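What follows is a set of notes on a single structure, which appears directly below.
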Number of protein chains: 4
Amino acid sequence: MEIVCKSGGKRQAIIEAGIKVFSQKGFHDARMEEIAVTAGIGKGTIYEYFTSKTHLFQEIIAASVNTYYESLATIDMDALTLRERIQILLTGHLRFCIENKDLTRIVFWDVEIMDEELKEWGNNLRKEKQLRMKEIIDQGITRGEIRNVDSELLTLLVIGSFASFWAPITIDALVIDPEETAKQITDIIFNGIKL
Amino acid sequence: MEIVCKSGGKRQAIIEAGIKVFSQKGFHDARMEEIAVTAGIGKGTIYEYFTSKTHLFQEIIAASVNTYYESLATIDMDALTLRERIQILLTGHLRFCIENKDLTRIVFWDVEIMDEELKEWGNNLRKEKQLRMKEIIDQGITRGEIRNVDSELLTLLVIGSFASFWAPITIDALVIDPEETAKQITDIIFNGIKL
Amino acid sequence: MEIVCKSGGKRQAIIEAGIKVFSQKGFHDARMEEIAVTAGIGKGTIYEYFTSKTHLFQEIIAASVNTYYESLATIDMDALTLRERIQILLTGHLRFCIENKDLTRIVFWDVEIMDEELKEWGNNLRKEKQLRMKEIIDQGITRGEIRNVDSELLTLLVIGSFASFWAPITIDALVIDPEETAKQITDIIFNGIKL
Amino acid sequence: MEIVCKSGGKRQAIIEAGIKVFSQKGFHDARMEEIAVTAGIGKGTIYEYFTSKTHLFQEIIAASVNTYYESLATIDMDALTLRERIQILLTGHLRFCIENKDLTRIVFWDVEIMDEELKEWGNNLRKEKQLRMKEIIDQGITRGEIRNVDSELLTLLVIGSFASFWAPITIDALVIDPEETAKQITDIIFNGIKL
DNA sequence: AATGAATGAGGATTCATTCAT
DNA sequence: AATGAATGAATCCTCATTCAT
């Protein structure tokens with residue numbers, strides 16, 4: 001286990017330690033020392049792989065976001081209806097939250113606590129997420145799968161529905177079945193709650 | 001205006017300066033010095049009114065949350081239908097976001113950046129918000145106003161819908177009409193988006 | 001003695017501590033902590049008066065150079081012959097070395113050890129000194145007080161003669177009489193050493 | 001060329017790299033890493049030949065001083081007059097400065113930047129240089145070649161004249177003819193500058 | 001012998017907080 | 001009550017040196 005790809009091994013250990021510590025303490029209260037100890041290495045070693053605390057954090061966010069998107073990109077989406085897509089995306093989202101509580105806390109919680117320099121980068125991340133969802137929704141409208149609602153508002157509603165789960169899951173330890181929950185939320189979004 | 005109730009005047013000035021600075025810089029990057037300068041007072045004076053930076057921040061959050069709730073509590077809710085209530089609450093929420101961008105940023109953005117000691121307090125704030133909404137929804141279900149959906153999930157969906165607006169409004173400078181937007185969102189929640 | 005001009009008092013104490021420590025350890029080996037202790041203040045206080053170690057050092061050099069020049073600028077030079085001027089300047093230079101050993105060590109020793117950013121500033125200081133001397137010498141030539149030698153070379157010779165005294169005086173504790181020594185050196189420069 | 005006397009080849013490469021880097025950055029700002037890269041070897045290898053950064057620096061200074069003295073010791077001096085000797089030494093000195101700008105900068109600039117432990121060693125180097133010159137001058141006086149001046153002062157004057165050239169040559173890129181310059185300086189020292 | 005990844009002691013700097021005025 | 005000069009604990013980062021390979 002020590003003989004794994006050398007650089008990769010250490011780097012990965014640091015990232016994992018970073019995830020753990022950043023998710024517990026947040027960016028500012030995380031200490032490089034603690035990350036090093038958690039990774040089982042010396043303080044200086046972190047700087048062999050990352051130029052600064054900020055850089056380490058940015059790499060972790062970027063990797064987390066990638067992991068998140070990859071976890072959502074398992075199947076070919078274009079063949080599906082909007083309803084199926086939303087349900088699958090939500091299922092994936094909930095699964096990710098459940099399986100990667102630390103990552104989730106960082107991605108959804110810490111994005112904005114960054115250096116001034118990272119603020120814009122973090123905002124762009126958010127806007128991109130929004131744009132992706134809007135494209136999916138616009139396609140559904142174009143295909144005539146749903147009635148003609150303001151796609152911007154619907155995007156925010158859907159994203160908000162997704163986002164509101166992370167805190168109950170990672171902090172309050174809410175236990176849900178991702179499949180079932182996604183199905184119910186999607187049902188509400190499509191059929192509404194009126195009698 | 002400077003000669004008003006002495007302690008009250010200074011205290012309020014500090015809180016307002018804190019809102020401005022905390023919302024721009026976040027908790028950790030906000031400097032007591034800057035808050036003092038913004039408030040037009042000496043650095044030491046802050047400590048006459050607040051025991052610490054953390055305390056000042058907590059007071060600001062608490063006050064902001066109060067302001068927020070008060071802005072939502074203008075009319076008697078019990079006489080209204082759930083649909084009316086959600087629409088009114090959402091309208092109020094959006095109005096608050098638009099009119100109090102600084103406060104909004106603090107309440108929705110900064111909650112987590114707090115000291116370990118404030119973490120629990122902040123979480124309770126969030127849970128309480130969730131509980132309030134759930135009670136409203138449960139009442140709607142009890143009254144038979146909506147079909148029988150999982151009220152916990154619906155709560156998260158509604159709260160998420162509310163929350164997803166703050167970033168576009170305060171950061172991306174999204175311009176919306178609160179009334180109209182609330183109406184459309186409520187419409188989606190009640191009627192769904194299916195054809 | 002504590003009631004002297006407040007800001008001036010502390011600032012001056014820091015400068016004097018800096019002179020002592022910088023002259024003993026050199027720029028790089030000087031520790032801000034030691035300077036603070038020597039000044040009888042807290043570490044952080046230095047930063048109330050100087051933005052950085054480099055800044056403190058630069059201020060000390062600049063002040064030292066000023067002190068040096070002021071010590072040389074006591075009488076009206078224009079009325080004197082070149083010979084008198086050189087003798088007087090050398091006397092002053094030697095007096096300064098003897099009376100300000102710490103300052104001397106910094107000005108003549110440490111000038112180049114500075115940050116990359118200060119390097120140019122330090123070089124300009126040296127060139128300026130050279131220029132001042134050259135002007136004096138050129139004037140002497142123009143007035144026909146000395147024979148026609150390459151003023152650039154003579155400048156370097158004179159400056160070198162001045163400079164070569166600081167180390168024996170401040171490090172080897174060479175004891176000399178400034179008046180007498182200056183007289184003898186000037187005599188050599190004017191009359192040469194040939195039989 | 002890489003297969004020459006192993007230890008000697010590497011050792012020499014390190015010294016040359018050291019000369020380059022130390023002369024550009026000074027002792028403290030020089031990085032062992034950069035010296036290693038410049039020498040085309042691994043960082044750890046330096047420590048096979050030198051026990052520490054300080055040791056490497058000391059060796060370089062010592063070697064530089066040797067090179068300097070060797071460059072001045074080409075011909076038999078005893079047969080010459082003091083005037084010839086000073087002129088020849090100065091010529092050699094100026095040639096050395098011109099041809100070994102890096103070494104010059106180290107020997108004349110960096111001597112003092114050393115560890116506390118090297119300080120004394122560095123001072124002895126300087127005193128030895130002074131002593132050598134004084135002996136030459138004393139001999140000249142004994143032989144009755146020059147008038148009876150204080151040999152200590154004359155020594156400092158001559159050494160100063162020598163030393164004041166290195167900065168203009170290596171930093172300001174002053175271009176001079178060593179022969180001619182040495183001749184003029186010697187002429188001034190012997191004949192003085194009076195009309 | 002040669003290497004360079006790993007280390008951690010060491011130091012400049014920041015900033016919340018105190019307290020004498 | 002109000003102040004702001006003074007403080008020093010706390011933290012990021014550097015880089016000479018080591019040592020397993």
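Letters A, B, ... are given to chains in the order of the sequence lines, protein chains preceding strands, and every chain is numbered from 1. Since the structure is predicted, the reported quantities are computational estimates derived from the model, not experimental observations.
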Please state whether the phosphate of E:dT14, meaning OP1 or OP2, lies under 4.0 angstrom from any side-chain nitrogen or oxygen of B:R31. no

TODO: Please state whether the phosphate of E:dA1, meaning OP1 or OP2, lies under 4.0 angstrom from any side-chain nitrogen or oxygen of D:K10.
DONE: no

Using a cut-off of under 3.5 Å, enumerate the N/O to N/O pairs linking the protein to nucleotides 17-19 of chain E.
from   : atom 1 : to    : atom 2 : distance (Å)
E:dT17 : OP2    : B:Y47 : OH     : 3.0
E:dT17 : OP2    : B:K53 : N      : 2.9

Residue pairs meeting salt bridge (Lys or Arg N to Asp or Glu O under 4.0 Å), one or both in residues 46-64 of chain B, sequence neighbours left out, come to B:R11-B:E59

What is the distance, to the nearest angstrom, from the [atom1] atom on [X] to the [atom2] atom on [N]?
{"X": "C:Y49", "N": "F:dA5", "atom1": "OH", "atom2": "P", "result": "7 Å"}
{"X": "A:L56", "N": "F:dC13", "atom1": "CG", "atom2": "P", "result": "10 Å"}
{"X": "A:H28", "N": "E:dC15", "atom1": "NE2", "atom2": "C1'", "result": "13 Å"}
{"X": "C:I35", "N": "E:dA12", "atom1": "CD1", "atom2": "P", "result": "8 Å"}
{"X": "A:F50", "N": "F:dT14", "atom1": "CZ", "atom2": "C1'", "result": "18 Å"}
{"X": "A:I46", "N": "F:dT14", "atom1": "CD1", "atom2": "P", "result": "13 Å"}
{"X": "A:H55", "N": "F:dC12", "atom1": "NE2", "atom2": "P", "result": "17 Å"}
{"X": "C:E34", "N": "E:dA12", "atom1": "CD", "atom2": "P", "result": "11 Å"}

After noting the C-alpha distance and the side-chain angles of C:V107 and C:W166, does the key distance pass the side chain to side chain contact (heavy atoms under 4.5 Å, CB included) rule? CA-CA 10 Å; C:V107 174; C:W166 78 261; over 6 Å; no

With sequence neighbours left out, the residues meeting salt bridge (charged side-chain N to carboxylate O under 4.0 Å, His left out) with D:K43 are D:E33

Those residues at least two apart in sequence (or on a different chain) that pass salt bridge (charged side-chain N to carboxylate O under 4.0 Å, His left out) with D:K101 are none

With a 3.5 Å distance limit and no angle check, can you tell me whether A:R105 reaches the backbone of A:T170 through a side-chain donor-acceptor pair?
yes

Residue set satisfying ring pair (Phe, Tyr, Trp, His ring centres under 6.0 Å) with A:F50, at least two apart, ordered chain then number -> A:H55

List the steps, then state whether side chain to side chain contact (heavy atoms under 4.5 Å, CB included) holds for A:I15 with A:Y49. CA-CA 10 Å; A:I15 285 187; A:Y49 296 90; over 6 Å; no

Intra- and inter-strand pairing of DNA chain E, written as dot-bracket with Watson-Crick and G-U pairs under 3.5 Å and | for the latter, reads .||||||||||||||||||||

### Query
Under 4.0 angstrom, heavy atoms only, what part of the nucleic acid is C:A39 near: base, sugar-phosphate, or nothing?
nothing

Notebook entry, point to check: So what does A:A36 hit on the nucleic acid, given a heavy-atom distance under 4.0 Å: a base, only sugar-phosphate, or nothing?
Noted result: nothing

Flag the pair B:L56 / B:F22 as yes when at least one side-chain heavy-atom distance between them is below 4.5 Å, and no otherwise. yes

One should read off an interatomic distance between D:L118 CG and D:N123 CG, to the nearest 0.5 angstrom, of 11.0 Å

